[in-house]
2 protein chains.
Amino acid sequence: MTENDIFKALADPTRRSIFEKLAGGRMNASALREGMEISQPAMSQHLSVLRTAGLLRKERKGRFVNYEVDPEGLALIAGWLGKYRAYWPERIGALKILLKDMDQ
Amino acid sequence: MTENDIFKALADPTRRSIFEKLAGGRMNASALREGMEISQPAMSQHLSVLRTAGLLRKERKGRFVNYEVDPEGLALIAGWLGKYRAYWPERIGALKILLKDMDQ
DNA sequence: CATTCACATAAGTGCATGCTTATATTTAAT
DNA sequence: ATTAAATATAAGCATGCACTTATGTGAATG
């Protein structure tokens with residue numbers, strides 16, 4: 001779970017799609033594949049990369065495995081972004097919210 | 001200047017180092033190379049990737065070319081991070097500590 | 001207990017990517 | 001004008017990476 005793992009994991013558009021899907025709530029690997037035109041092994045490999053990076057957690061549930069967003073990874077990105085705070089544009093709402101939360 | 005360009009650009013540790021150096025202020029390509037053990041063409045190529053991604057701006061100054069952080073790219077990352085705001089809060093405390101440590 | 005289902009792992013393949021050396025380009029200095 | 005300095009581009013190469021097919025593992029169901 002390093003900065004490098006995270007950025008490499010997110011460098012792939014398919015993995016970002018998977019991550020985005022999971023932002024909607026926990027889901028198993030088969031459900032994730034629906035409407036994604038991706039093979040089962042490919043999905044499994046992508047999930048492994050995202051998990052190793054600290055962006056996802058997994059939890060076995062019988063013969064299914066549920067995946068969910070792991071805030072640890074997001075915190076690391078936020079930390080990285082925080083280093084460049086001096087350059088954050090004023091107009092960015094999301095950042096303003098982040099900034100506000102961090103200042104408390 | 002797409003989300004994909006940005007994440008791919010940041011997936012390389014050398015490029016992240018270059019970007020971090022530039023966070024300290026504008027600098028030309030030769031100055032950036034100092035203490036980095038990287039060839040001139042490699043640096044030029046990295047700068048090109050970062051610029052295409054929208055993470056850097058360039059400005060010719062005589063026979064030097066100064067590079068500086070472009071907030072546009074950071075805004076895009078912030079926008080991406082913003083989509084997962086629902087998962088931020090629990091970790092904001094740790095993030096605050098992280099940022100505090102980095103300020104020293 | 002045998003089969004089926006959900007998922008993981010192994011091994012191989014083609015393309016992307018970061019490097020190299022060589023050369024071009026642009027501006028400054030002599 | 002010539003030369004030198006700063007940077008960019010070209011072409012080739014080696015490694016990484018996302019995919020494939022095939023097979024393994026672990027759990028439910030009949």
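Chain letters run A, B, ... following the sequence lines, proteins first, then strands; residues in each count from 1. The structure displayed is predicted, hence computed values, not measured ones.
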A/Asp5 CG to D/dG16 P, in whole Å, measures 15 Å
Hits for side-chain hydrogen bond (donor to acceptor under 3.5 Å, both in side chains) against A/Thr2, two or more places apart or cross-chain, chain-then-number order -> A/Asp5
Under a 4.0 Å heavy-atom cutoff, the residues of residues 46-54 of chain B touching DNA chain C are B/His46
With the side chain defined as heavy atoms from C-beta on, B/Phe64 is closest, among C/dA22, D/dA6, C/dA10, to D/dA6
side-chain hydrogen bond (donor to acceptor under 3.5 Å, both in side chains) filter on A/Asn4, not counting sequence neighbours, yields B/Arg16
Confirm from the modelled atom types if A/Gln40 and D/dT20 form a donor-acceptor pair under 3.5 Å, side chain to base only. no
Q) Any donor-acceptor pair under 3.5 Å between the side chain of B/Gln45 and the base of D/dT7? A) no
Under 3.5 Å between N/O atoms: give me all the protein pairs with nucleotides 24-30 of chain C, atom names plus distance.
none

Atom CE of A/Met43 and atom P of D/dT20 are separated, to the nearest Å, by 12 Å
side-chain hydrogen bond (donor to acceptor under 3.5 Å, both in side chains) filter on A/Asn28, not counting sequence neighbours, yields none
Exercise. State whether A/Tyr67 places a side-chain N or O below 4.0 Å from either non-bridging phosphate oxygen (OP1 or OP2) of C/dA6.
Key: no
Contact check, residues 11-35 of chain B vs DNA chain D, heavy-atom distance under 4.0 Å, returns B/Asn28, B/Ala29, B/Ser30
Taken to the nearest whole Å, CD/A/Glu59 to P/D/dA27 is 14 Å
Sequence neighbours excluded, the answer for salt bridge (charged side-chain N to carboxylate O under 4.0 Å, His left out) partners of A/Arg51 is none
Applied to residues 34-47 of chain A, the side-chain hydrogen bond (donor to acceptor under 3.5 Å, both in side chains) test, sequence neighbours excluded, yields A/Arg15-A/His46
Picking from D/dA8, C/dT17, C/dA10, the nucleotide nearest the side-chain atoms of B/Lys8 would be C/dT17
Taking for B/Ala42 and for A/Ile38 the nucleotide of DNA chain D with the nearest heavy atom, the one nearer the 5' end belongs to B/Ala42
Residue set satisfying salt bridge (charged side-chain N to carboxylate O under 4.0 Å, His left out) with B/Glu20, at least two apart, ordered chain then number -> A/Lys83
Using side-chain heavy atoms (C-beta onward) and a distance below 4.5 Å, is A/Met43 in contact with A/Ile18? yes
Of the candidates C/dC7, C/dA10, C/dT21, the side chain of B/Pro41 sits closest to C/dT21
For residues 52-61 of chain B, the salt bridge (charged side-chain N to carboxylate O under 4.0 Å, His left out) pairs (sequence neighbours left out) are B/Arg26-B/Glu59, B/Arg57-B/Asp70, B/Glu59-B/Lys61
Using only atom types and a distance under 3.5 Å, with no angle test, would you say the side chain of B/Arg33 pairs donor to acceptor with the backbone of B/Ile38?
yes
Hits for ring-ring contact (aromatic ring centres under 6.0 Å, His included) against A/Phe19, two or more places apart or cross-chain, chain-then-number order -> B/Trp80, B/Tyr84
Those residues at least two apart in sequence (or on a different chain) that pass side-chain hydrogen bond (donor to acceptor under 3.5 Å, both in side chains) with B/Asp12 are none
